[in-house]
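Structure, as structure tokens:
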Amino acid sequence: MHFAAIGRVPGDPILGLMESYAKDPNPQKFDLGVGVYKDAQGLTPILQAVKRAEQRLVEQQTTKTYIGGHGNAAFGTLISELVLGAESPLLKARRAGATQTPGGTGALRLSADFIAHNLPGRGVWLSNPTWPIHESIFAKAGLKVSHYPYVDSDNRLDVAAMLATLTNVPKGDVVLLHACYHNPSGFDLSRDDWRQVLEIVRERQLLPLIDFAYQGFGDGLEQDAWAVRLFANELPEVLITSSCSKNFGLYSDRVGALIVCADAAEKLLDVRSQLAFIARNLWSTPPDHGAAVVATILGDAALKQLWSTEVEAMRSRIAQLRSGLVEALAPHGLSERFAHIGVQRGMFSYTGLSAGQVQQLREKHSVYMVSSGRANVAGIDETRLGLLAEAIADVCKD
Ligand code: LMR
């Protein structure tokens with residue numbers, strides 16, 4: 001038998017939580033696992049701007065023929081402007097361009113293969129901790145993966161340790177940075193920290209690969225791009241992976257982009273030819289629908305305005321949930337212990353709960369979160385914050 005020696009690998013721990021949660025009959029269950037935004041009703045609705053763009057597409061689209069290797073050209077231009085800024089000098093100089101990918105994960109996979117094929121011998125440096133799929137994507141591409149410290153054993157951002165390690169990274173290696181709302185910790189660098197990282201990256205001639213999955217989920221669509229734009233404007237070469245899953249709510253449509261910033265327009269064309277070649281061998285051409293939706297929204301002033309209002313609503317709800325959870329924990333004497341939840345940013349919070357406590361939360365209280373202690377704050381139902389706080393207090397009592 002050809003398959004006789006094949007064993008079973010465990011299912012993906014984050015996606016697996018979605019399944020376990022769906023099967024749980026407890027009506028008081030909480031889904032704080034996978035990074036998906038939920039509204040006050042516990043639903044992940046389709047944004048109105050998306051619905052309107054889809055209606056327009058249904059009426060106006062005339063073909064389902066393949067889109068090119070770099071995807072929808074309008075999407076590429078508009079997403080580059082969203083990420084780099086409409087007035088970006090790089091875009092004006094044709095030094096930056098986007099390749100459409102199936103989600104941000106597709107962009108990461110494309111970058112991993114690009115590094116493996118076109119920059120042989122370069123190691124990739126990831127934050128410790130990071131999104132678990134970062135680890136496997138780069139390792140599976142055959143790259144040497146190393147780590148720089150990010151969160152210390154007391155669940156605090158450790159910038160000094162991060163900078164010390166980056167200072168010793170071999171020249172030319174790739175360093176993956178989370179643009180904002182670090183996954184899984186929720187701890188972000190300050191602007192001063194970013195400037196220090198920039199100087200090390202410049203001095204060590206590192207290639208920054210910036211993962212930008214949550215634009216709009218913290219301070220605002222423009223503000224959240226600050227670090228990305230700093231690096232793109234200051235350095236000759238940068239790779240940026242952008243995701244439209246969260247901010248457009250287009251999770252299942254798989255929309256993302258790999259944006260390359262090169263030192264010259266001609267060099268960008270060389271790099272992009274390589275990306276098209278790699279993409280052709282990975283997924284041939286990217287899926288059309290989600291990127292067409294994003295292009296329709298970003299290309300229309302009224303739809304863009306509606307969308308940005310909807311992003312604003314998601315953003316302020318997440319901020320309220322953070323402070324709400326810290327308040328709900330106060331009567332249990334836990335507001336200090338979990339004060340970091342109010343300091344962390346974006347969807348995720350490294351709660352500091354142990355794997356054992358996370359397991360107890362699931363088994364006793366039907367609260368689902370990743371075993372690392374990461375909670376998706378955007379998945380909390382605010383009408384039941386008290387119940388969630390009680391459950392957390394229960395597993396913290398020993
Ligand atoms: C997460 O970390 O939960 C999200 O990025 C979704 C995913 O694909 O894991």
Side-chain angles (χ1 to χ4, degrees), residues 9-22 29-39 42-44 101-112 126-140 150-151 176-188 209-218 224 240-258 282-283 286-287 290 311 314-315 317-318 321-322 341 344-351 353 355 358 361-362 367-380:
V9 290
D12 180 83
I14 297 181
L15 298 181
L17 282 173
M18 286 179 92
E19 283 171 39
S20 320
Y21 172 82
K29 58 190 176 178
F30 285 90
D31 181 8
L32 314 186
V34 70
V36 169
Y37 175 86
K38 298 201 180 183
D39 66 12
L43 303 172
T44 307
T101 56
T105 311
L108 287 160
R109 177 60 205 264
L110 184 58
S111 356
L126 306 177
S127 65
N128 180 23
T130 195
W131 185 48
I133 311 305
H134 284 152
E135 308 277 354
S136 43
I137 281 189
F138 293 98
K140 288 238 171 282
Y150 195 77
V151 177
L176 189 147
L177 300 159
H178 297 229
C180 54
Y181 320 128
H182 182 265
N183 179 5
S185 75
F187 287 118
D188 277 347
L209 165 56
I210 309 186
D211 191 356
F212 197 15
Y214 306 99
Q215 185 173 6
F217 265 37
D224 292 349
I240 304 157
T241 55
S242 160
S243 168
C244 301
S245 296
K246 279 54 180 190
N247 52 9
F248 286 86
L250 285 167
Y251 305 90
S252 61
D253 280 313
R254 311 308 299 138
V255 198
L258 173 59
L282 284 171
W283 48 73
V311 176
M314 292 193 278
R315 168 167 68 244
R317 187 162 173 279
I318 295 172
L321 287 168
R322 282 192 176 281
I341 295 177
Q344 295 159 333
R345 320 289 316 281
M347 295 182 102
F348 300 118
S349 169
Y350 231 24
T351 56
L353 293 167
V358 169
L361 274 173
R362 188 165 60 238
V367 176
Y368 289 77
M369 62 173 79
V370 183
S371 60
S372 62
R374 186 195 82 171
N376 170 28
V377 180
I380 298 177

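Numbering of residues begins at 1 and proceeds along the displayed sequence. Read the numbers this way: they start at 1 and go in the same order the structure lists the ligands and their atoms. For the numbers below, each heavy atom of this structure counts, side chains included, while hydrogens, waters and symmetry mates do not.
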- Working to the nearest 0.5 Å, report the span between SG of Cys180 and CZ of Phe217. 10.5 Å

- Message: Here's a test for you: under side chain to side chain contact (heavy atoms under 4.5 Å, CB included), which of Leu17, Leu361, Val34 qualifies with Met369?
- Response: Leu361

- Any side-chain donor near an acceptor of the partner, Asp211 and His134, under 3.5 Å: yes

- Message: I need the contact type for Met347 against ligand 1. Using non-hydrogen atoms and a strict under-4.0 Å cut-off, is it side chain, backbone, both or neither?
- Response: neither

- Item | atom 2 (O) of ligand 1: nearest protein contact (heavy atom, Å) | Arg374 NH1, 2.8 Å

- With the threshold set at 4.0 Å, does a side-chain nitrogen-carboxylate oxygen contact exist between Asp39 and Arg317? no

- Query: What is the nearest protein non-hydrogen atom to atom 8 (O) of ligand 1, stated with its residue, atom name and distance?
  - Reply: Trp131 CZ2, 3.5 Å

- Closest non-hydrogen contact found for Ala375 with Thr351 is CB-CG2, 3.8 Å

- N/O to N/O below 3.5 Å, does that happen between Gly35 and ligand 1? yes

- Message: I'd like to check which ligand 1 atoms, numbered from 1 as shown, lie under 4.0 Å from a non-hydrogen atom of Ile14.
- Response: 2 (O), 3 (O), 9 (O)

- Distance-only donor-acceptor check, side chains Tyr214 and Asn183, under 3.5 Å: yes

- Task: Give the atoms of ligand 1, by number and element, whose distance to some non-hydrogen atom of Lys246 is under 4.0 Å.
- Result: 4 (C), 5 (O), 6 (C)

- Message: Suppose I only count heavy atoms of Val34 and a 4.0 Å limit; which atoms of ligand 1 are within that range?
- Response: 3 (O), 6 (C)

- Location of contacts on Thr105 toward ligand 1, heavy atoms closer than 4.0 Å: neither

